[in-house]
Participant: 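This is the structure I have questions about; it appears just below.
Both counts, for ligands and for their atoms, begin at 1 and track the order of listing.
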Amino acid sequence: MEPAHQITSSSKLLFSQVRKIVPPMLERFHKGQLGRVAVIGGCADYTGAPYFSAIASAKLGCDMSHVLCERSAAQVIKGYSPNLMVHPLLPSVDTVKDPKSIDAPALASPIISMLSRLHVLVIGPGLGRDPVTLDVVAEVIKEARSRSIPFVLDADGLLIITEKPSLIKGYKECILTPNVVEFSRLAKALGVKVSSQTGTSKENGDDKTSKGSNACEQLSNALGGVTILQKGPKDIISNGLTCIVNDIQGGLKRSGGQGDTLTGSLGTFLAWRAAYHDRLWDSQERDSRVEARTGVEVQAELDSGDKRLSKSTTLLLAAWAGSSITRESSRRAFEMKGRSMQASDLTDEVHGSFLRLIGEPEGSQVHL
Ligand SMILES: NC(=O)C1=CN([C@@H]2O[C@H](COP(=O)(O)OP(=O)(O)OC[C@H]3O[C@@H](n4cnc5c(N)ncnc54)[C@H](O)[C@@H]3O)[C@@H](O)[C@H]2O)[C@@H](O)CC1
Ligand SMILES: Nc1ncnc2c1ncn2[C@@H]1O[C@H](COP(=O)(O)OP(=O)(O)OP(=O)(O)O)[C@@H](O)[C@H]1O
Ligand SMILES: [Mg+2]
């Protein structure tokens with residue numbers, strides 16, 4: 001099979017394009033306009049993952065970061081940070097009368113009633129595998145899709161897709177962020193032959209990356225062009241038609257929770273992307289007459305500079321930006337903490353990474 005188009009722009013050019021979708025900081029904006037993101041996850045076993053995700057979205061610059069979690073996790077997550085809004089809305093086997101016969105749409109309704117106030121969902125960090133919880137979250141995914149709300153799917157959220165791929169097949173407003181193991185599970189479920197980035201030890205790095213890109217492209221196509229960000233030594237991003245490989249240096253510590261900084265960052269970039277397409281501010285770009293769809297058209301938009309960007313281009317840029325912020329945060333945290341580095345150390349580096357890689361957009365009234 002002919003390999004898909006690969007974006008050839010330099011990192012510098014990609015960051016300058018990302019800066020276009022970052023809203024400037026202006027006195028006229030009110031609370032919420034720079035992002036309302038909700039992380040759906042958190043259960044008795046895992047309270048760190050949704051916290052790391054939501055706090056990354058807040059530290060990157062989102063105005064309002066929510067966590068929608070299972071009852072037993074809520075007080076714990078609230079205790080980590082007063083900045084997050086934590087809602088104990090996810091039911092589980094322990095909190096419903098008859099777990100074998102549930103009305104999933106009715107149980108999902110308290111979450112669904114919040115959707116009109118949210119820009120983006122991050123579904124999966126620390127969600128766990130409770131069957132009642134997962135059925136209810138599947139309802140939320142259906143509803144979010146029907147309203148064209150962008151979402152990120154990670155961790156246990158990916159398990160829902162492994163079992164019911166039709167929930168997202170062909171939906172262009174979502175990003176899946178599998179690690180190596182989650183990628184293999186998804187590929188198996190969709191009948192895609194896996195050739196993960198880890199490959200055989202004899203293969204050189206370029207061969208592994210090329211096989212990884214190919215597998216990512218195939219998985220994306222099997223899901224009808226959904227954007228996949230496959231995490232690993234290099235992050236591979238594909239929408240089936242074009243691919244970007246991110247090899248920005250990360251840290252050497254593989255502590256748990258770094259994927260959560262990624263999903264929260266993606267949440268904020270997707271919220272900013274929505275603000276860009278809603279023309280929240282005047283970007284002073286020329287309107288583009290056609291939406292870029294193919295890899296070559298996306299590449300042309302990235303290279304052109306002064307035209308408004310299409311949704312397929314900005315989705316790839318948001319994925320690239322989230323991946324870059326996470327890898328740079330990990331590099332900086334590792335430089336300071338070495339092998340004692342923890343997920344919380346990445347949290348502290350998110351803003352510095354943003355300033356170093358992307359920087360404040362033109363017109364921002366920021367005087368720091
Ligand atoms: N502090 C927390 O609360 C954390 C909670 N987490 C949550 O924990 C739950 C389970 O997540 P897991 O990632 O453990 O998923 P799984 O339970 O599916 O386990 C994946 C396994 O694969 C292994 N693995 C990961 N990357 C690998 C690689 N590149 N090569 C070979 N093996 C690899 C891991 O060591 C792990 O044992 C999720 O809900 C997740 O969000 C994690 O995000 C970590 C942090
Ligand atoms: N071998 C590697 N070299 C450099 N960076 C890596 C490597 N593996 C993963 N990363 C980076 O670490 C981040 C998290 O990826 P990872 O594979 O650890 O996800 P995860 O297992 O889902 O994490 P979590 O523990 O949060 O669930 C990603 O941004 C990825 O780019
Ligand atoms: Mg993970």
Participant: Do the rings of W281 and Y276 sit parallel, tilted or perpendicular, given the 30° and 60° boundaries?
Facilitator: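 Rings of W281 and Y276: tilted, as their planes differ by 30° to 60°.
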Participant: For A49 and ligand 1, does the shortest N/O to N/O distance drop below 3.5 Å?
Facilitator: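 Yes - when backbone and side-chain N and O of A49 are compared with those of ligand 1, one distance drops under 3.5 Å.
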Participant: So, the side chain of E328 versus the backbone of S324: is there a donor-acceptor pair under 3.5 Å, distance only?
Facilitator: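 Here the side-chain-to-backbone pair does not exist.
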Participant: Please report the closest heavy-atom contact between P178 and L158, naming both atoms and the distance.
Facilitator: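 Reported closest heavy-atom pair: CA-CD1, 3.6 Å.
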Participant: With R145 as the cation and F151 as the aromatic partner, state whether NZ or CZ is under 6.0 Å from the six-membered ring centre and within 45° of the axis.
Facilitator: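 Geometry flag: not set, cation outside 6.0 Å or 45°.
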Participant: Can you tell me which residue and heavy atom of the protein come closest to atom 15 (O) of ligand 2, and the distance to 0.1 Å?
Facilitator: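 I find the closest protein heavy atom is K231 CD, 3.6 Å.
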Participant: Testing the basics here: between Q299 and S9, what is the closest heavy-atom pair and its distance to 0.1 Å?
Facilitator: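 Where Q299 meets S9 most closely, the heavy atoms are NE2-OG, 3.0 Å.
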Participant: Under 4.0 Å from a heavy atom of L127: which atoms of ligand 1 are those, numbered in the order shown and with their elements?
Facilitator: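 So the answer, numbered in order with elements, is 39 (O).
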Participant: Within the side chain of D130, is there an N or O that forms a donor-acceptor pair under 3.5 Å with the backbone of V93?
Facilitator: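 Such a contact is found between D130 side chain and V93 backbone.
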Participant: If you measure from CD1 on I141 to CD1 on I161, what distance do you get to the nearest 0.5 Å?
Facilitator: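 Taking CD1 in I141 and CD1 in I161, the distance rounds to 4.5 Å.
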Participant: Taking non-hydrogen atoms only, is Q258 closer than 4.0 angstrom to ligand 1 via side chain, backbone, both or neither?
Facilitator: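 Neither part.
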Participant: For ligand 2, which atoms sit closer than 4.0 Å to a heavy atom of G256?
Facilitator: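 Near G256, meaning under 4.0 Å from one of its heavy atoms, ligand 2 has 25 (O).
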Participant: Should S323 be counted as touching ligand 2, given the test is an N or O pair under 3.5 Å?
Facilitator: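 Not met; the criterion fails.
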Participant: Look at atom CE of M85 and say whether more than 12 heavy atoms of other residues, nucleotides or ligands are closer to it than 6.0 Å.
Facilitator: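 Yes, enclosed.
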Participant: How close does the nearest protein non-hydrogen atom get to atom 17 (O) of ligand 2, and which residue and atom is it?
Facilitator: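 The protein heavy atom lying closest is N179 CB, 3.7 Å.
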Participant: In ligand 1, which numbered atoms sit nearer than 4.0 Å to a non-hydrogen atom of G257?
Facilitator: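 This gives 44 (C), 45 (C) as the contact atoms.
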Participant: I'd like to know if the side chain of K20 pairs up with that of Q17 as donor and acceptor (distance under 3.5 Å, no hydrogens or angles considered).
Facilitator: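 Result is yes, a qualifying pair exists.
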Participant: Between ligand 1 and P125, can you find any atom pair, the residue atom being a heavy atom, that is separated by under 4.0 Å?
Facilitator: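 Yes, that is the case, since the closest heavy atom of the residue is under 4.0 Å from the ligand.
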Participant: Hey, are Q342 and S344 close enough side-chain-wise for a donor-acceptor pair under 3.5 Å?
Facilitator: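 Their side chains do not contain a donor-acceptor pair, so the 3.5 Å distance test is not met.
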Participant: From the options D45, V180, T47, D156, select the one whose nearest heavy atom is closest to atom 30 (N) of ligand 1.
Facilitator: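 Closest candidate by heavy-atom distance is V180.
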Participant: Can you tell me if S265 uses its side chain to pair, donor with acceptor, with the backbone of G322 under 3.5 Å?
Facilitator: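 Side chain of S265 to backbone of G322: no pair is present.
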Participant: For atom 19 (O) of ligand 1, which of R254, K231, Q342, R185 has the closest heavy atom?
Facilitator: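 Considering heavy atoms of R254, K231, Q342, R185, the nearest to atom 19 (O) of ligand 1 sits in R185.
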Participant: On a heavy-atom basis, I'd like to know which of G126, G259, G232, G251 is closest to atom 26 (O) of ligand 2.
Facilitator: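 Of the listed residues, G259 has the closest heavy atom.
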Participant: Heavy atoms only: which of G126, C43, P178 lies closest to atom 41 (O) of ligand 1?
Facilitator: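 Of the listed residues, G126 has the closest heavy atom.
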Participant: Can you report which non-hydrogen protein atom sits closest to atom 29 (O) of ligand 2, along with the distance?
Facilitator: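 It is T326 CG2, 3.4 Å.
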Participant: What is the closest protein heavy atom to atom 2 (C) of ligand 2, and at what distance does it sit?
Facilitator: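 For atom 2 (C) of ligand 2, the nearest protein heavy atom is R254 NH2, 3.1 Å.
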Participant: Quick one: does G48 get an N or O within less than 3.5 Å of an N or O on ligand 1?
Facilitator: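 Indeed, backbone or side chain, G48 has an N or O that close.
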Participant: Of the protein's non-hydrogen atoms, which lies at the shortest distance from atom 13 (C) of ligand 2, and what is that distance?
Facilitator: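 That would be Q258 CB, 4.1 Å.
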Participant: Determine, considering heavy atoms only, which of S265, G257, A343 sits nearest to atom 24 (P) of ligand 2.
Facilitator: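 Among S265, G257, A343, the closest heavy atom to atom 24 (P) of ligand 2 belongs to G257.
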Participant: Ignoring hydrogens and angles, tell me if any N or O in the side chain of S57 forms a donor-acceptor pair with the backbone of T268 under 3.5 Å.
Facilitator: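 No, because the side chain of S57 does not come within donor-acceptor range (under 3.5 Å) of the backbone of T268.
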Participant: Which protein non-hydrogen atom lies closest to atom 31 (O) of ligand 2, naming both residue and atom, and how far is it?
Facilitator: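 Ranking protein heavy atoms by distance from atom 31 (O) of ligand 2, first comes D235 OD1, 2.6 Å.
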Participant: Which ligand 1 atoms are under 4.0 Å away from a heavy-atom of A155?
Facilitator: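 Counting from 1, the qualifying ligand atoms are 38 (C), 40 (C), 41 (O).
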